There are 2 protein chains.
Amino acid sequence: MKFEKLKKELMNRNINLSYHRMKILEYLDKNRCHPTVDQIFTDIQKTIPTLSKTTVYNTLKKLVEEDLVRVINIEDNETRYDINTEEHGHFKCETCKTIFDFEIKLESIPNDGLDNFKVFDRHVYFKGICPGCLRV
Amino acid sequence: MKFEKLKKELMNRNINLSYHRMKILEYLDKNRCHPTVDQIFTDIQKTIPTLSKTTVYNTLKKLVEEDLVRVINIEDNETRYDINTEEHGHFKCETCKTIFDFEIKLESIPNDGLDNFKVFDRHVYFKGICPGCLRV
DNA sequence: TACAAGTTTGTAATAATTACATTATACTAT
DNA sequence: ATAGTATAATGTAATTATTACAAACTTGTA
Ligand SMILES: [Mn+2]
Ligand SMILES: [Mn+2]
Ligand SMILES: [Zn+2]
Ligand SMILES: [Zn+2]
């Protein structure tokens, strides 16, 4: 989703578009590398020195609740955030640590064992080595 | 993998089967509910009061390195461990919090975007509500 | 203006995880 | 059996992520 759309989306839901929220949203839109709270905080703090980490936590929590941001748990001890909430899988390169997006049709996953389950949320992630790192 | 098999597997790899390691392995074998470090620690401590949490961490790290145990990151802030390293997906019920295993053929997932990637590890987890909780 | 709701901050409390130094144990070679 | 080496286990302290909570600030509205 594009930034402008996101803004509208927030307004539709009566979520106050405060300066800090705007900045965090803008950051997520420009940095689609699945940043951690700490990366978000450290980077934005350069522009807004008074920003508190708690505000980043609060804002992200809000955005996740509203399904405008998605949480990614690949590694223990590092929670990442993705503004791309469209259906896609993640690939983490174990060499350069980059997290790549890839297309995946999640409904196409056969899951006979879950006939009587109500599924809200599907996550897929792979680990391995990316083409760039393989080439070396 | 059954307990006896696991023991042999460790011996094959020249990994010392110390008392604590045995107990942790045994626990994982009997409690296939994807326990956290804390659950493992708290439960085994009842039998072995001198057990330290660090030992649980160390042992699990070893077992994961040897691919005898698999790490599960579904929720941020709770790392879980699974002695079942065979290919399977996880379903977490958001009501009762239980993590269910389900069969899945991971190679069957179409991933055209990853042609030049070397994939080691595939994880799939869903979230939703389990049949038991739906019935209520 | 005054109230209510929503924001942001800051500090402190928890909790998970790691680092590191020390002791204990097991295994080998003499 | 002894000495030497590698591995294992413990405990303490340090880091780090996350949450709780109270206080100050903003904004919109009656
Ligand atoms: Mn993504
Ligand atoms: Mn499992
Ligand atoms: Zn790479
Ligand atoms: Zn349930």
Side-chain angles (χ1 to χ4, degrees), chain A residues 7 9-27 34-66 68-82 97, chain B residues 6-7 9-28 34-66 68-82 97:
Chain A
K7 262 169 68 176
E9 199 56 49
L10 282 170
M11 288 190 284
N12 286 344
R13 300 178 196 209
N14 280 322
I15 296 170
N16 197 338
L17 252 181
S18 71
Y19 181 62
H20 288 187
R21 282 187 182 164
M22 276 269 294
K23 283 298 178 185
I24 292 170
L25 208 57
E26 199 181 280
Y27 181 88
H34 316 95
T36 62
V37 166
D38 202 60
Q39 284 166 356
I40 300 169
F41 170 68
T42 308
D43 285 348
I44 302 186
Q45 217 198 14
K46 288 170 192 159
T47 324
I48 315 174
T50 62
L51 180 70
S52 112
K53 206 172 203 173
T54 307
T55 301
V56 179
Y57 273 109
N58 290 340
T59 304
L60 287 171
K61 192 179 179 185
K62 187 77 145 184
L63 293 172
V64 169
E65 277 167 13
E66 296 291 334
L68 295 175
V69 163
R70 152 170 272 234
V71 179
I72 304 179
N73 293 303
I74 295 186
E75 231 59 65
D76 23 328
N77 73 35
E78 60 170 44
T79 305
R80 294 174 169 277
Y81 295 86
D82 194 349
K97 317 295 183 197
Chain B
L6 278 165
K7 262 168 69 176
E9 199 55 49
L10 282 169
M11 288 191 284
N12 287 344
R13 299 178 196 211
N14 281 323
I15 296 170
N16 198 337
L17 252 181
S18 72
Y19 181 63
H20 288 186
R21 282 187 182 166
M22 275 270 293
K23 283 299 177 185
I24 292 169
L25 208 58
E26 199 180 280
Y27 181 88
L28 289 171
H34 317 95
T36 62
V37 166
D38 203 59
Q39 285 166 355
I40 300 169
F41 170 68
T42 308
D43 285 347
I44 303 186
Q45 217 197 16
K46 289 170 192 159
T47 323
I48 314 174
T50 62
L51 180 72
S52 113
K53 206 172 204 172
T54 307
T55 300
V56 178
Y57 273 108
N58 290 340
T59 303
L60 288 171
K61 191 177 178 187
K62 188 75 146 186
L63 293 171
V64 170
E65 276 168 16
E66 295 292 335
L68 296 174
V69 164
R70 151 170 273 232
V71 179
I72 305 179
N73 293 304
I74 294 186
E75 232 58 66
D76 25 327
N77 76 35
E78 59 169 45
T79 305
R80 294 175 169 275
Y81 294 87
D82 194 349
K97 316 298 182 195

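Below, read A as the first sequence line, B as the second, and so on, with proteins coming before strands; counting in each chain starts at 1. Note that the structure is predicted; figures quoted are calculated from it, not measured.
Between B:Glu78 atom CD and D:dT19 atom C1' the separation is 15 Å, expressed in whole Å.
A heavy-atom distance below 4.5 Å is found between the side chains of B:Gln39 and B:Thr36. Contact check for B:Leu25 versus B:Leu68: no side-chain heavy atoms found under the 4.5 Å cut-off. Between B:Leu28 and B:Leu63, some side-chain heavy-atom pair lies under the 4.5 Å cut-off. Between B:His20 and B:Thr59, the closest side-chain pair of non-hydrogen atoms is not below 4.5 Å.
Take B:Asp82 and apply the side chain to side chain donor-acceptor pair (under 3.5 Å) test, not counting sequence neighbours, and it matches B:His34, B:His88, B:His90. Scanning for salt bridge (charged side-chain N to carboxylate O under 4.0 Å, His left out) contacts around A:Arg21 gives an empty result, with sequence neighbours left out. With sequence neighbours excluded, the residues forming a salt bridge (charged side-chain N to carboxylate O under 4.0 Å, His left out) with A:Glu66 are A:Arg13, listed by chain and number. Partners of A:Glu75 by salt bridge (charged side-chain N to carboxylate O under 4.0 Å, His left out), not counting sequence neighbours, listed by chain and number: A:Lys92, A:Lys127. Taking the side-chain contact (heavy atoms from CB on, under 4.5 Å) definition, one finds that B:Lys53 meets it with B:Val37, B:Asp38, B:Phe41, B:Tyr57, sequence neighbours left out. Remark: A:Val71 engages A:Val64, A:Asn73, A:Thr79, A:Tyr81, B:Asp76 in a side-chain contact (heavy atoms from CB on, under 4.5 Å) (not counting sequence neighbours). Qualifying side chain to side chain donor-acceptor pair (under 3.5 Å) partners for B:Tyr27, counting only residues two or more places apart in sequence or in other chains: B:Asp43. Shown here are the side-chain contact (heavy atoms from CB on, under 4.5 Å) partners of B:Lys7, two or more places apart in sequence or in another chain: B:Phe3, B:Glu4, B:Leu17, B:Met22.
Judged by closest nucleotide on DNA chain D, B:Asn16 is the one of B:Asn77 and B:Asn16 placed further toward the 5' end.
Bracketed by its first and final contacts, the part of DNA chain C lying under 4.0 Å from non-hydrogen atoms of chain B reaches from C:dA16 to C:dA26 in 5' to 3' order.
Within a heavy-atom distance below 4.0 Å of DNA chain C, the residues of residues 41-63 of chain A found are A:Thr50, A:Leu51, A:Ser52, A:Thr54, A:Thr55, A:Asn58. For the segment residues 20-28 of chain B, the set of residues with a heavy atom within less than 4.0 Å of an atom of DNA chain D comprises B:His20, B:Arg21, in numerical order.
Looking at B:Glu26 and B:Lys23, a side-chain N of the basic residue comes within less than 4.0 Å of a carboxylate O on the acidic one, giving a salt bridge.
Relative to the axis of its first five pairs, the axis of the last five pairs of the helix from C:dT1-D:dA30 to C:dT30-D:dA1 sits at 10°, rounded to 10 degrees.
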